[in-house]
Amino acid sequence: MVSSLSEWFWNERLWFPEGLGWADLEDKDGRVYAKASDLWVVLPIALAFLVIRQIFERLVATPLAAVMGVKEKVRLTVSHNPILESFYCTTTKNPSQSSIDSLCKQTGCSERQVQRWFRRRRNQDRPSLLKKFKEASWRFTFYLLAFIAGLAALIDKPWLYDFKEMWQGFPILTLLPSQYWYYMIELGFYVSLVFSVASDVKRKDFKEQMVHHMATIFLISFSWCVNYIRAGTLIMLLHDSSDYLLESAKIFIYAGWRNTSNYVFFLFAAVFIFTRLYIFPFYIIYSTYIYPMTMYSPFFGYYFLNFLMMVLQCLHIFWAILILRMAVRFLSSDEKVEDERSDKEETDESGEEEEGVEKKGAVQNGHTAHNNHRKTE
């Protein structure tokens with residue numbers, strides 16, 4: 001069954017125009033072509049990125065944070081209260097009013113004390129400012145270097161200036177060493193992001209980010225296997241052109257450089273909207289949807305490629321809405337630009353009652369207590 005499935009999956013009628021197939025991509029006469037087996041090198045590259053990232057964050061990002069004045073907020077730790085901790089871990093981090101009332105009866109604490117305990121407990125689980133800074137620094141460094149490398153690899157290629165050139169001679173397109181390493185490094189980086197998802201900063205668009213990473217991995221892998229290399233290099237370059245600006249804006253936000261972060265953010269917003277909502281749909285997708293049909297009859301690989309492109313475009317629209325919301329809010333209120341996808345730190349009005357939670361949690365040790373004279377605030 002596995003062999004039958006593999007035979008069906010690699011059927012050249014799925015991935016190539018009529019009259020062309022895998023035999024046309026066999027190395028010969030000194031000409032080298034992309035092969036699916038090449039993708040195995042991505043795994044060690046991804047693992048190498050994870051190691052390099054740890055070294056970078058310790059030796060580069062942490063000292064840089066100190067130089068730029070990244071200051072951690074003092075977070076008040078919660079007292080040990082088995083009842084509240086059990087509810088927090090097993091039920092919800094944001095209890096409803098009825099749940100708060102029930103917890104007040106069980107712990108003997110006031111409503112204000114329970115609310116404050118949950119606020120501080122949620123703050124404890126939020127990533128520190130230094131962690132966010134180190135992650136942004138790592139991504140900024142990669143995206144900037146990847147953009148420069150991609151531009152250097154494509155600057156003398158005709159398909160950078162005329163998108164019709166992407167399909168000239170397809171699929172019999174010779175693989176260049178610069179294209180090989182550009183592909184493998186980009187793909188290795190995105191695979192490393194999937195590997196590190198458990199330890200990275202969680203944001204509100206976590207699901208969309210995962211869909212983006214998986215769609216990107218599938219798109220890069222698929223374009224490699226069926227030799228859509230020219231289209232793939234353009235797509236990667238276009239994405240890298242704005243990503244490093246976003247990460248640099250985050251760096252300045254975390255460092256407290258308000259004016260600089262605002263200017264960089266608006267530069268990022270302009271580049272993002274121009275590349276993702278104009279160049280990508282009206283030039284890149286147009287070239288992958290229209291031009292192939294002027295040379296070949298439709299085939300499954302053609303539809304699959306454009307499906308993945310549309311998934312990316314839907315995500316571009318989703319993020320563009322978030323970006324515009326942040327820009328409008330800043331322009332209307334002159335506030336600091338902040339990442340809407342990140343949870344904001346919750347603050348306490350005062351800390352006078354936390355001691356009461358600690359004492360009651362320690363005395364009751366998980367047993368129900370009834371306090372008919374509970375203090376209300």
Side-chain angles (χ1 to χ4, degrees), residues 1-28 31-39 154 157-176 179-180 182-183 186-187 190 208 211-239 275-318 320:
M1 179 178 177
V2 175
S3 60
S4 300
L5 182 61
S6 176
E7 183 179 352
W8 170 84
F9 181 81
W10 294 109
N11 189 326
E12 57 191 24
R13 294 282 66 80
L14 291 176
W15 308 114
F16 295 101
E18 187 175 356
L20 297 168
W22 300 112
D24 296 301
L25 298 182
E26 293 180 358
D27 297 345
K28 54 187 174 184
R31 297 168 65 90
V32 179
Y33 301 94
K35 302 174 186 63
S37 58
D38 296 334
L39 296 179
L154 294 176
K157 304 301 186 293
W159 59 89
L160 178 62
Y161 310 98
D162 183 1
F163 292 156
K164 290 183 180 179
E165 290 290 331
M166 285 193 294
W167 305 105
Q168 294 300 321
F170 173 81
I172 310 173
L173 303 173
T174 304
L175 176 65
L176 302 175
Q179 294 172 326
Y180 173 85
Y182 189 30
Y183 252 80
E186 284 273 355
L187 187 55
Y190 280 105
E208 289 81 5
V211 171
H212 173 268
H213 293 339
M214 297 309 298
T216 301
I217 290 171
F218 277 119
L219 182 58
I220 295 176
S221 302
F222 165 70
S223 64
W224 176 267
C225 292
V226 295
N227 217 16
Y228 289 150
I229 302 243
R230 292 180 178 180
T233 53
L234 286 176
I235 294 169
M236 291 188 295
L237 180 67
L238 181 138
H239 281 73
T275 56
R276 309 289 182 96
L277 299 187
Y278 178 66
I279 298 295
F280 189 77
F282 295 109
Y283 286 90
I284 303 292
I285 293 182
Y286 181 87
S287 68
T288 61
Y289 184 75
I290 299 298
Y291 293 154
M293 293 300 94
T294 64
M295 297 180 286
Y296 308 105
S297 299
F299 55 101
F300 176 78
Y302 160 81
Y303 292 115
F304 187 64
L305 170 66
N306 284 285
F307 166 74
L308 292 176
M309 300 281 276
M310 292 306 300
V311 171
L312 282 181
Q313 184 57 31
C314 289
L315 292 170
H316 294 165
I317 294 172
F318 170 80

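Owing to the predicted nature of the structure, the values given are computational and were not obtained by experimental measurement.
From His316, atom NE2 reaches atom CG of Leu238 across 7.5 Å, with rounding to the nearest 0.5 Å. The NZ atom of Lys164 sits 11.5 Å away from the CD1 atom of Ile290 when rounded to the nearest 0.5 Å. The line from OH of Tyr180 to CD1 of Ile229 is 11.0 Å long, rounded to the nearest 0.5 Å. The distance from the CD atom of Glu186 to the CD1 atom of Ile235 is 11.5 Å, given to the nearest 0.5 Å. With values rounded to the nearest 0.5 angstrom, Asp24 atom CG is found 10.5 Å from Asn227 atom CG. Remark: Leu14 CG to Tyr303 OH distance equals 13.0 Å, nearest 0.5 Å.
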>> Please determine whether side chain to side chain contact (heavy atoms under 4.5 Å, CB included) holds for the pair Leu237 and Leu160, giving the CA-CA distance in whole Å, both sets of side-chain angles, and the decisive distance to 0.1 Å.
In response: CA-CA 10 Å; Leu237 180 67; Leu160 178 62; 4.0 Å; yes

> Under the side chain to side chain contact (heavy atoms under 4.5 Å, CB included) criterion, do Ile285 and Phe280 qualify, and how do the steps go?
Replying inline: CA-CA 6 Å; Ile285 293 182; Phe280 189 77; 3.5 Å; yes

>> Determine whether Tyr228 and Met166 satisfy the following criterion, side chain to side chain contact (heavy atoms under 4.5 Å, CB included), listing intermediate values before the conclusion.
In response: CA-CA 8 Å; Tyr228 289 150; Met166 285 193 294; over 6 Å; no

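Proximity of Thr216 to Leu308: side-chain heavy atoms (C-beta onward) are nowhere separated by under 4.5 Å. Gln313 is listed as a side-chain neighbour of Leu277, based on a closest heavy-atom distance under 4.5 Å. With a 4.5 Å cut-off on side-chain heavy atoms, Phe299 and Pro292 do not count as touching. Using a 4.5 Å cut-off on side-chain heavy atoms (C-beta onward), Thr288 and Tyr302 make no contact. Inter-residue side-chain proximity for Trp22 and Val226 is flagged as met; some heavy-atom pair is nearer than 4.5 Å. For the pair Trp224/Leu187, no side-chain contact is recorded, criterion being any heavy-atom separation below 4.5 Å from C-beta on.
Residues Tyr291 and Phe163 place their aromatic rings such that the two centres sit no closer than 6.0 Å. Ring-centre distance between Tyr296 and Phe16: not below the 6.0 Å cut-off.
In terms of the salt bridge (charged side-chain N to carboxylate O under 4.0 Å, His left out) criterion, Arg230 has no residue partners (sequence neighbours excluded). For Lys35, the salt bridge (charged side-chain N to carboxylate O under 4.0 Å, His left out) test picks out Asp27, with sequence neighbours left out.
Looking at Gln179, its side chain does come within 3.5 Å of a backbone N or O of Leu176 through a donor-acceptor pair. Remark: the backbone N or O of Pro171 is not paired with any side-chain donor or acceptor of Tyr33 at under 3.5 angstrom. Listed for the Trp167 side chain is a donor-acceptor partner under 3.5 Å among the backbone atoms of Ser287.
Within 6.0 Å of CZ in Phe282 there are 12 or fewer heavy atoms belonging to other residues, nucleotides or ligands. Within a 6.0 Å radius of CZ in Phe304, other residues, nucleotides and ligands contribute more than 12 heavy atoms.
Partner of Cys225 under the side chain to side chain contact (heavy atoms under 4.5 Å, CB included) criterion, chosen from Leu25, Leu39, Asp38: Leu39.
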